[in-house]
Amino acid sequence: MMASNKSPDYYLHALLNANELKTSQTLFHRVEHAGFGAITSRLMTGLNISLALDANYSFMIDSPYAVETVFDIGVKQPIELAKNQEIIEWDFMRDTWNAPPEIKGDHQYPQCPLIEGADLSRHQWCAVLAKAICGTPSKEVKKVIDELKNRINWNSYDMHIGLHVRRGDKNSECPYVPTECYLAQIKSLTDKHPQKKILIFVSSDDPNALQDLVLRAPEFDFSWDESEARYNNFNAGMVASNNELAFQESITAAKNILMIGACNYVIGMYHAQFSWIGGLLSVFNNELDTSRHIMLNPYSGARDHYATHYGFPLSTLL
């Protein structure tokens, strides 16, 4: 789905303007430790709720992940200013995750609460929220990305496909998406663009993911960050008591989300956070075209959508 003839920046500026309006209320969000992607996603949810309530947005992240160091999150009201406001305490687990299904769904996959965004689909509005929270990297992360793009000859390609292969502890929730399902989606895209030189940028926590892809499909150009440490485990648990490692993993996470988001298309598991957030950034960066965000069901291997987890029928999402 495409947006109106307005640019993505039009909607982002509407969000930022609404966020900057002077109000007597502040939504305060204390973010509990979770996966890096989950924390980022919860910030998007909190920002949306603050806009719906016509309140400022402030938060405190109780996690060793350095989310506020790797992203410049300009929508946050400084806590010292929030103390002078009427505080609305919002708790993600209490008020969203454990809320009745219709509330949980509306929080996790929201409609734009701003008049300026009345023509946006929920998917498009989530892309604007993602841009507001994690679309601006720190100087350090930008340097890491620029150096990586140079190493993999990013600018020599006409088109980029972001592939997020989520493994690690995800099989405690569901099966891994089979490699052949990822390759089928890649082939479908490359067949549509036969004249283009295409790079598939791979993001994965599995150190064997790239080799598996190359062996099965040597006709495609795959690349990833060769210098990245990949642990294939429960990352949030691994960093919980190691601030130094948490900082490095924060840079790695931000790098991968933003690299995926810089691609023309994104393919990944339908409820993996990096696939969701990176795909949203790609939607924003490609004129809010949600068809570029390809999410796969790990049980069937077929195209699916993140929002089916929250009760939205698949027929209304694709």
Side-chain angles (χ1 to χ4, degrees), residues 10-118 120-136 250 254 257 273 276-277 280-281 284 306-307 309-311:
Y10 168 85
Y11 301 103
L12 179 63
H13 291 152
L15 182 157
L16 296 175
N17 288 338
N19 174 257
E20 291 172 358
L21 290 177
K22 293 183 178 179
T23 173
S24 61
Q25 294 182 316
T26 292
L27 182 82
F28 181 74
H29 175 198
R30 185 177 291 275
V31 190
E32 60 283 339
H33 178 56
F36 185 96
I39 291 172
T40 306
S41 180
R42 291 171 193 183
L43 293 176
M44 291 164 51
T45 302
L47 173 60
N48 180 75
I49 293 173
S50 74
L51 293 168
L53 296 175
D54 192 26
N56 296 308
Y57 184 43
S58 192
F59 55 84
M60 180 178 294
I61 302 175
D62 293 330
S63 170
Y65 284 124
V67 178
E68 292 184 80
T69 302
V70 297
F71 296 130
D72 180 8
I73 308 177
V75 294
K76 178 183 180 180
Q77 182 188 47
I79 292 174
E80 56 269 19
L81 293 179
K83 291 177 180 178
N84 299 320
Q85 306 274 301
E86 177 188 345
I87 299 296
I88 304 169
E89 296 249 2
W90 176 67
D91 181 276
F92 173 81
M93 300 305 296
R94 180 193 66 207
D95 300 324
T96 293
W97 195 251
N98 294 322
E102 63 276 10
I103 294 176
K104 180 178 179 178
D106 201 47
H107 283 188
Q108 292 292 85
Y109 192 58
Q111 191 72 50
C112 178
L114 307 178
I115 294 173
E116 296 91 339
L120 293 176
S121 71
R122 290 174 184 261
H123 198 158
Q124 290 168 330
W125 174 237
C126 287
V128 179
L129 291 169
K131 180 68 175 179
I133 293 295
C134 58
T136 305
S250 299
I257 288 171
Q273 292 289 356
W276 175 237
I277 301 167
L280 290 175
L281 290 178
F284 185 91
Y306 169 87
H309 289 281
Y310 304 110

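Since we're looking at a predicted model, the values are computed, not measured.
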When rounded to the nearest 0.5 Å, the distance separating CG of L47 from CG of L51 is 4.5 Å
Interatomic distance, CD1@I277 vs SG@C134, rounded to 0.5 Å, equals 5.5 Å
H13 meets the ring pair (Phe, Tyr, Trp, His ring centres under 6.0 Å) criterion, sequence neighbours left out, with none
**Asked** Within the distance-only criterion (no hydrogens, no angle test), does the side chain of S58 pair as donor or acceptor with the backbone N or O of Q77 below 3.5 angstrom?
**Response** yes
Would you say S63 and V31 make side-chain contact, with heavy atoms under 4.5 Å? no
Rounding to 0.5 Å, atoms CG (L129) and CG (L280) come to a distance of 8.5 Å
So salt bridge (Lys or Arg N to Asp or Glu O under 4.0 Å) across residues 28-43, not counting sequence neighbours, yields R30-D62, E32-R42
Rounded to the nearest 0.5 angstrom, the CD1-CG distance for I103 and N98 is 12.0 Å
Rounding to 0.5 Å, atoms CZ (F36) and CD (Q273) come to a distance of 11.5 Å
Those residues at least two apart in sequence (or on a different chain) that pass ring pair (Phe, Tyr, Trp, His ring centres under 6.0 Å) with Y57 are F59
Donor-acceptor contact present, side-chain T23 to main-chain D54, <3.5 Å: yes
Closest non-hydrogen contact found for Q111 with S121 is NE2-C, 4.5 Å
Looking only at heavy atoms, the pair that brings S41 and Y306 closest together is OG-OH, 4.0 Å
Contacts of L53 meeting side-chain contact (heavy atoms from CB on, under 4.5 Å) (sequence neighbours excluded), chain-then-number -> L27, I49, A55, I88
* To do: Test side-chain contact (heavy atoms from CB on, under 4.5 Å) on Q108 and T96 and set out the steps.
  => CA-CA 8 Å; Q108 292 292 85; T96 293; 3.8 Å; yes
Discussion item. Do N56 and Q25 pair up side chain to side chain, a donor and an acceptor below 3.5 Å, judged on atom types alone?
Written reply: no
Legend entry - Evaluation steps, side-chain contact (heavy atoms from CB on, under 4.5 Å), between F71 and T136: CA-CA 6 Å; F71 296 130; T136 305; over 6 Å; no
query = Between M60 and H29, does a side-chain contact (heavy atoms from CB on, under 4.5 Å) hold up when you go through it step by step?
reply = CA-CA 6 Å; M60 180 178 294; H29 175 198; over 6 Å; no
Taking the ring of H107 and the ring of Y310, is the distance between their centroids below 6.0 Å? no
Looking only at heavy atoms, the pair that brings I73 and I133 closest together is CG1-O, 3.4 Å
Minimal heavy-atom distance between S250 and A66, with the atoms involved, is OG-N, 2.8 Å
Those residues at least two apart in sequence (or on a different chain) that pass ring pair (Phe, Tyr, Trp, His ring centres under 6.0 Å) with H123 are W276, H293, H305
Nearest heavy-atom approach of P64 to H33 is CD-ND1, 3.6 Å
Are there more than 12 heavy atoms of other residues, nucleotides or ligands under 6.0 Å from atom CG of L21? yes
Residue pairs passing the salt bridge (Lys or Arg N to Asp or Glu O under 4.0 Å) test with at least one member in residues 81-101, sequence neighbours excluded, are none
When rounded to the nearest 0.5 Å, the distance separating OG of S50 from CG of N48 is 7.5 Å
Heavy-atom closest pair (Y65 atom, G35 atom, distance to 0.1 Å) is CE1-C, 3.9 Å
(Q) Looking at F28, is its backbone amide N or carbonyl O close enough to the side chain of T26 to form a donor-acceptor pair, meaning the two atoms are under 3.5 Å apart? (A) no
ask   = Taking it one step at a time, do L114 and N17 satisfy side-chain contact (heavy atoms from CB on, under 4.5 Å)?
value = CA-CA 10 Å; L114 307 178; N17 288 338; over 6 Å; no
